[in-house]
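Keep in mind that the numbers below use all heavy atoms, side chains included, and drop hydrogens, waters and symmetry copies.
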Amino acid sequence: MKVRSMKLAAVAAAVVLAASACGNAGEDDGTAASGNEYEVVDSPDFEAGSRMAELAEAGSVKIGVKYDQPGVGFKAAGSEAPTGIDPELGKIIAGQLGIEPDKIEWVEAISDNREPFLQNGTVDFVIASYSITDDRRKVVGQAGPYYVTGQSLLVAADDDSINGPDDLEGKKVCSVTGSTSIKTVEEEYGATPAGFDTYSECVDQLKNGSVDAVTTDGAILLGYAAQAPDELKVVGEPFSEERYGVGYSKDAPELCQFLNDTIEKAYDDGDFEKAFDATLGKSGNDVPEKPTLDACA
């Protein structure tokens, strides 16, 4: 990609969250807009007919993200835009297409609609804790990974009895009903499973002492820890591997190299670190090392 000139663009105005009846006005719960600024390329030069050129010419882009994962992809009631590491990366990608943050159309993506959204053109990209798998790559493109995580454990901040999965025998551990995470801790580590419909319910159970730990992808747990760093912490090393990628349509394979180049650049120039520090980094964890990106076909 040839860059003729560059400019900084302000990210969408910070979202002000209403305080709850028991909270303090303006209290940071880890879901506030970052206020970060990222490069927006002025008049980017792409090969004619490429999907990048089409998006740059249109001046807008549709990006699917999660709305229910604090720190990863979350949209608070009454807010105009989602927050989290995935929306931050979405702004970085849009900027390399010459698209301002306020020209991004955010679309809620849930686990079951990510492939259909890309196949039918509902969105241009999916950045939604979207693990790269061989099966998914049969039907959609996935660039990256931009973040490598794995199954981890969330415990109370003052709990020193659980430091990893080997400490789970006989412990009551919560995750979403039917998830592979809850099966793993039960079958491989002897935990007593406690299943709920959402991770938020599990976190509530942890806070009131009904369960000893919550388990799922570490990135999701870091988001909850960032909301309540005095109450919760993520412990131990991940005991599986999930490689988050950016989804795109297989009809535009040229997007793969553009996305990989953008991810590489974000790590090299500090933009990914800035995005991480404003989201998952609020849990107290350090920015991850740049992952090895998969080569494009």
Where Ala157 and Pro229 come nearest, the two heavy atoms and their spacing: CB-O, 4.4 Å

Euclidean distance, Ile132 CD1 relative to Arg243 CZ, rounded to 0.5 Å: 4.5 Å

same_hphob_cluster(Ile263, Phe46) at 4.5 Å side-chain heavy-atom cutoff: yes

Atom pair CG (Leu259) and CG (Leu255), whose distance is rounded to the nearest 0.5 Å: 5.5 Å

Heavy-atom closest pair, residues Lys250 and Arg137: NZ-O, 3.1 Å

Pair Glu108 + Lys66, salt bridge at N-O below 4.0 Å: no

ring-ring contact (aromatic ring centres under 6.0 Å, His included) partner of Tyr267, chosen from Phe276, Phe272, Tyr147: Phe272

Between CG on residue Asp112 and CZ on residue Phe117, distance to nearest 0.5 Å: 11.0 Å

Closest non-hydrogen atom pair, Pro165 against Leu153: N-CD1, 3.7 Å

Stepwise side-chain contact (heavy atoms from CB on, under 4.5 Å) check, Tyr224 with Ser200: CA-CA 8 Å; Tyr224 285 110; Ser200 294; 3.0 Å; yes

Side chain to side chain, Pro238 and Glu241, heavy atoms closer than 4.5 Å: no

Donor-acceptor side-chain pairing of Tyr146 and Asp86 below 3.5 angstrom: yes

Check: Glu37 main-chain N/O paired with Lys274 side-chain donor or acceptor under 3.5 Å: yes

Distance-minimising heavy-atom pair for Thr279 and Ala226: O-CB, 3.9 Å

In one Ile/Leu/Val/Met/Phe/Trp/Tyr side-chain cluster, 4.5 Å: Leu118, Val139: yes

Beyond-backbone contact of Phe239 with Asp166, side-chain heavy atoms, under 4.5 angstrom: no

Non-neighbouring partners of Lys290 that pass side-chain hydrogen bond (donor to acceptor under 3.5 Å, both in side chains), sequence neighbours left out: Glu264, Asp268

Steps toward side-chain contact (heavy atoms from CB on, under 4.5 Å) verdict (Gln205, Phe196): CA-CA 10 Å; Gln205 294 295 308; Phe196 283 82; 3.6 Å; yes

Under 3.5 Å side-chain donor-acceptor pair for Ser249 and Gln119: no

Stepwise side-chain contact (heavy atoms from CB on, under 4.5 Å) check, Asp212 with Val155: CA-CA 7 Å; Asp212 299 301; Val155 301; over 6 Å; no

Polar contact flag, side-chain donor to acceptor under 3.5 angstrom, Tyr244-Thr149: no

Distance-minimising heavy-atom pair for Ser210 and Lys172: O-CD, 3.4 Å

Full working for salt bridge (charged side-chain N to carboxylate O under 4.0 Å, His left out) between Lys75 and Asp68: CA-CA 7 Å; Lys75 191 170 185 291; Asp68 62 347; over 6 Å; no

Thr133 versus Asp135, side-chain donor and acceptor atoms under 3.5 Å: no

Any donor-acceptor pair under 3.5 Å from Glu188 side chain to Val185 backbone: no

Inter-residue atom distance Leu154.CG - Glu231.CD, 0.5 Å rounding: 10.5 Å

Test item: Val214 and Val173 side chains (from C-beta on) under 4.5 Å apart, heavy atoms: no

Worked verdict on Ile63 versus Val61 for side-chain contact (heavy atoms from CB on, under 4.5 Å): CA-CA 6 Å; Ile63 302 178; Val61 63; 4.2 Å; yes

Within 6.0 Å of CD in Glu237, more than 12 heavy atoms from elsewhere: no

Aromatic contact, Tyr248 with Phe125 (centres under 6.0 Å): no

N-O pairing of Glu100 and Lys103 below 4.0 Å: no

Contact check, side chains of Leu89 and Val246, non-hydrogen atoms, under 4.5 Å: yes

Val40 and Ile99, any side-chain heavy atoms less than 4.5 Å apart: no

Path from Val107 to Val65 over hydrophobic side-chain contacts below 4.5 Å: no

Donor-acceptor pair, side chain of Asn113 and main chain of Ala109, under 3.5 angstrom: no

Pair Asp271 + Lys265: basic N to acidic O under 4.0 Å: no

pair Val176-Ile182: side-chain heavy atoms closer than 4.5 Å: no

Polar side chain donor-acceptor pair, Glu47 to Ser50, under 3.5 angstrom: no

Asp124 with Arg51: basic N within carboxylate O range, under 4.0 Å: yes

Spatial distance of atom CD (Glu88) from atom CG (Asp277) [nearest 0.5 Å]: 11.0 Å

Test item: Gln151 side-chain N/O and Ser181 main-chain N/O as donor-acceptor pair under 3.5 Å: yes

Joint cluster assignment, Tyr67 & Leu222, ILVMFWY side-chain distance < 4.5 Å: yes

Distance-minimising heavy-atom pair for Ser175 and Cys202: N-SG, 3.4 Å

Side-chain heavy-atom pair Ser131, Arg136 within 4.5 angstrom cut-off: yes

Side-chain donor or acceptor of Gln69 paired with backbone N/O of Ala128 under 3.5 Å: no

Side chain Asn260, main chain Gly144, donor-acceptor under 3.5 Å: yes

Separation of Ile93 CD1 from Phe258 CZ (nearest 0.5 Å): 6.5 Å

Glu115 versus Tyr130, side-chain donor and acceptor atoms under 3.5 Å: yes

Ile85-Leu221 co-clustered via ILVMFWY side chain contacts under 4.5 Å: yes

Side chain proximity check, Lys91 to Ile104, heavy atoms < 4.5 angstrom: yes

Presence of salt bridge, Asp159 and Lys171, under 4.0 angstrom: no

